[in-house]
Protein chains: 2
Amino acid sequence: MARQARALATRQAVLLAAAEVFDERGYAAATMSEILERAGVTKGALYFHFRSKEELALAVIEGQGAWLSTWRPTSESPVQTLIDLGYAFAHALLDDPMVRGSIRLTIEHGSFTQPQADTYQGWSDVTRGLLERAREAGDLHPGLDVAAAAGVITGAVTGIQLSSQVLTGRQDLVRRMADLWTLILPGLVQPHALARLSVAERVPGRS
Amino acid sequence: MARQARALATRQAVLLAAAEVFDERGYAAATMSEILERAGVTKGALYFHFRSKEELALAVIEGQGAWLSTWRPTSESPVQTLIDLGYAFAHALLDDPMVRGSIRLTIEHGSFTQPQADTYQGWSDVTRGLLERAREAGDLHPGLDVAAAAGVITGAVTGIQLSSQVLTGRQDLVRRMADLWTLILPGLVQPHALARLSVAERVPGRS
DNA sequence: GGTAGAATACCTACTGGACGGTATGCGGCC
DNA sequence: GGCCGCATACCGTCCAGTAGGTATTCTACC
């Protein structure tokens, strides 16, 4: 047990360092040397836990699927939950190295296409689920194609994040997220539902 | 003159091959060997025209700025022009290897940050210019923040394109573009202007 | 319009270094 | 004492870039 704890600690250190390096350099440009140096770990230790660079990258990508699956609705209103999810994701991108690294690896399509498609699909599914609940609640425009809207929102969030990163190092990410909702919501929800929504970021603690 | 023609041909062949390989593999994973092999050119020829891998990548990125600057308005209506620009860009992504490679290099932020920021800024500026003309024409919602909307649209198009590529190899890109406009336009333009717009792709040849 | 010579355009062979991965050994906890 | 967890030294490969030679085409002059 005690030694398992130590092993887990080094494993986590490697994962974290890998996420950081993948985030900064991308998969191909990242070197194992930099990862193990930053983790304060030797090559033997790293390759004991991960058999290859690719396996390590896959483990980092997994970390972000984990983040999404821990997300719990924050409101009775599905659309409000979706908005909150966007802001939560923005803050994860700012604070959580694992999410950052994972997103970079997902965006850089390359050797491993399947996990990336899964990531997009996962986000699209969550979005779609919320939108379908919103439609049942009568919040959405009647003719709206829910699947199409979910695809657009997922893609738009991806792109917003990317352009924010390139232009300002993600400093204006939260503002851009607000801009996105401001622009998109009128095409999504009916006016009476729009009035009940908080487009700006909500501080947690209220229902 | 005749020798310039030959040199220009090989230079173009190298640029094209480079764009393809960068598009398929990304900057770091792309190898000069594959580029010169695909171009049917030897190493000496390549390094005569481009002094380094980075210079070659920058030349590919330039090609896309060139594409954007050759774009000419297609309609009296600025918003309709913006929609058409989106579709034109989608088809360029499907057909023009230079645009494809350039976009991949722009999305993969890495060693050269400045040209990428310039690319985003260029798109954002064009979009913003069209939106400002639309506002002067009274087409937009009165309170709309034009700069913010331009940023969102640029980012959204980027993301749409990315997710379409990962999920379907860009097969559904045009449809996703239509979904984007359907969702965004109600938050952008006033109803009376919306009625005059063609959200679906227009075949060229009519005013 | 033919030729000398000088750029221009390109070819081949090579190099130094870095990188992912491995083999083997060793200490400490059960 | 045995295995888990790690450390170290090493290997084969591949890659960006270069050195130096060769072919091709333009210019100049006759």
Side-chain angles (χ1 to χ4, degrees), chain A residues 1-61 101 104-105 108-112 115, chain B residues 1-61 101 104-105 108-112 115:
Chain A
M1 282 302 149
R3 86 140 158 288
Q4 280 194 4
R6 178 179 62 139
L8 207 83
T10 64
R11 193 194 145 90
Q12 275 306 110
V14 169
L15 259 181
L16 181 65
E20 287 179 11
V21 176
F22 283 141
D23 173 44
E24 293 168 21
R25 315 236 181 257
Y27 179 76
T31 72
M32 296 301 253
S33 311
E34 186 173 0
I35 291 173
L36 52 93
E37 187 178 332
R38 200 177 295 201
V41 156
T42 65
K43 218 163 201 182
L46 193 154
Y47 275 94
F48 174 78
H49 288 283
F50 303 95
R51 270 181 304 183
S52 69
K53 187 181 181 182
E54 181 166 342
E55 188 174 311
L56 183 51
L58 291 177
V60 170
I61 292 184
R104 167 100 193 228
L105 288 176
E108 269 183 13
H109 56 291
S111 17
F112 24 85
Chain B
M1 283 303 151
R3 81 137 160 289
Q4 283 192 3
R6 177 180 66 141
L8 208 83
T10 65
R11 194 193 145 91
Q12 275 305 111
V14 169
L15 259 181
L16 181 65
E20 288 179 11
V21 175
F22 283 141
D23 173 45
E24 292 168 21
R25 314 236 181 258
Y27 179 77
T31 72
M32 296 301 252
S33 309
E34 186 173 1
I35 292 173
L36 54 93
E37 187 178 332
R38 202 177 293 202
V41 157
T42 64
K43 215 161 206 185
L46 192 155
Y47 274 95
F48 173 78
H49 287 284
F50 304 94
R51 270 181 304 185
S52 69
K53 187 181 181 183
E54 180 166 344
E55 188 174 311
L56 184 51
L58 291 176
V60 170
I61 292 184
R104 167 100 193 227
L105 288 176
E108 269 183 14
H109 55 290
S111 17
F112 24 85

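None of these values were measured; they are calculated from a predicted model. Residue numbers start from 1 in every chain, and the chains themselves are labelled A, B, ... in the order their sequence lines are given, proteins ahead of strands.
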Asks: Any idea which heavy atoms bring V60(A) and G101(A) closest together, and the distance?
Replies: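 So the minimum-distance heavy-atom pair works out to CG1-C, 4.0 Å.
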
Asks: What is the distance from NE2 of H49(B) to P of dG17(D), rounded to the nearest Å?
Replies: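 Answer to the nearest Å: 17 Å.
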
Asks: Over how many whole Å does the gap from Q12(A) atom CD to dG5(D) atom P extend?
Replies: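 Between P of dG5(D) and CD of Q12(A): 15 Å.
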
Asks: Reading nucleotides 17-26 of chain C from the 5' end, what letters show protein touch, with B for base, S for backbone sugar-phosphate only, - for no heavy atom under 4.0 Å?
Replies: --SBBB----

Asks: Can you check the F50(B) CZ to dC10(C) P distance for me, whole Å?
Replies: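 In whole Å, dC10(C) P and F50(B) CZ are 11 Å from each other.
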
Asks: Which pairs with one or both residues in residues 38-48 of chain B pass salt bridge (charged side-chain N to carboxylate O under 4.0 Å, His left out), sequence neighbours excluded?
Replies: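 Residue pairs passing salt bridge (charged side-chain N to carboxylate O under 4.0 Å, His left out), neighbours aside: E20(B)-R38(B), E24(B)-R38(B), E34(B)-R38(B).
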
Asks: Could I get the full list of side chain to side chain contact (heavy atoms under 4.5 Å, CB included) partners for S52(B), not counting sequence neighbours?
Replies: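 Scan of S52(B) (side chain to side chain contact (heavy atoms under 4.5 Å, CB included), adjacent residues dropped) gives E54(B), E55(B).
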
Asks: Starting from P on dC10(C), measure out to CZ on R11(B) and report it in whole angstrom.
Replies: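 It is 11 Å, rounded to the nearest whole Å.
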
Asks: Going through the distances and angles, do L105(B) and L58(B) end up as a side-chain contact (heavy atoms from CB on, under 4.5 Å)?
Replies: CA-CA 9 Å; L105(B) 288 176; L58(B) 291 176; over 6 Å; no

Asks: Partners of A30(B) by side chain to side chain contact (heavy atoms under 4.5 Å, CB included), sequence neighbours excluded?
Replies: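 Partners of A30(B) under the side chain to side chain contact (heavy atoms under 4.5 Å, CB included) test: V21(B), F22(B), R25(B).
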
Asks: What is the distance, rounded to the nearest whole Å, between atom CG of L8(B) and atom C1' of dC10(C)?
Replies: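 It works out to 16 Å between those atoms.
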
Asks: Would you please test Y27(B) and K53(B) for side-chain contact (heavy atoms from CB on, under 4.5 Å) and show each step?
Replies: CA-CA 9 Å; Y27(B) 179 77; K53(B) 187 181 181 183; 3.7 Å; yes

Asks: Can you tell me how far P of dA19(D) sits from CG of L46(B), to the nearest Å?
Replies: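 Interatomic distance, CG of L46(B) to P of dA19(D): 17 Å.
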
Asks: Without decimals, in angstroms, what is the distance between R6(B) CZ and dC11(C) C1'?
Replies: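 Whole-Å distance recorded here is 11 Å.
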
Asks: Locate the shortest heavy-atom distance separating Y47(B) from M32(B); write the atom from each residue and the value.
Replies: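 That would be OH-CE, 3.5 Å.
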
Asks: Send over the distance from F48(B) CZ to dA9(C) P, rounded to a whole Å.
Replies: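 Spelled out: CZ on F48(B) to P on dA9(C) is 4 Å.
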
Asks: Could you provide the dot-bracket string of DNA chain C, using ( ) for intrastrand pairs, [ ] for crossing pairs and | for bases paired to another strand, with Watson-Crick or G-U pairs below 3.5 Å?
Replies: ||||||||||||||||||||||||||||||

Asks: Which atom names give the shortest non-hydrogen contact between A28(B) and A29(A), and what distance separates them?
Replies: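 Result for this residue pair: CB-N, 3.8 Å.
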
Asks: Tell me which donor-acceptor pairs under 3.5 Å the side chains of residues 9-19 of chain A have, and how far apart each pair is, sequence neighbours excluded?
Replies:
from, atom 1, to, atom 2, distance (Å)
T10(A), OG1, A7(A), O, 2.9
T10(A), OG1, H49(A), NE2, 3.1

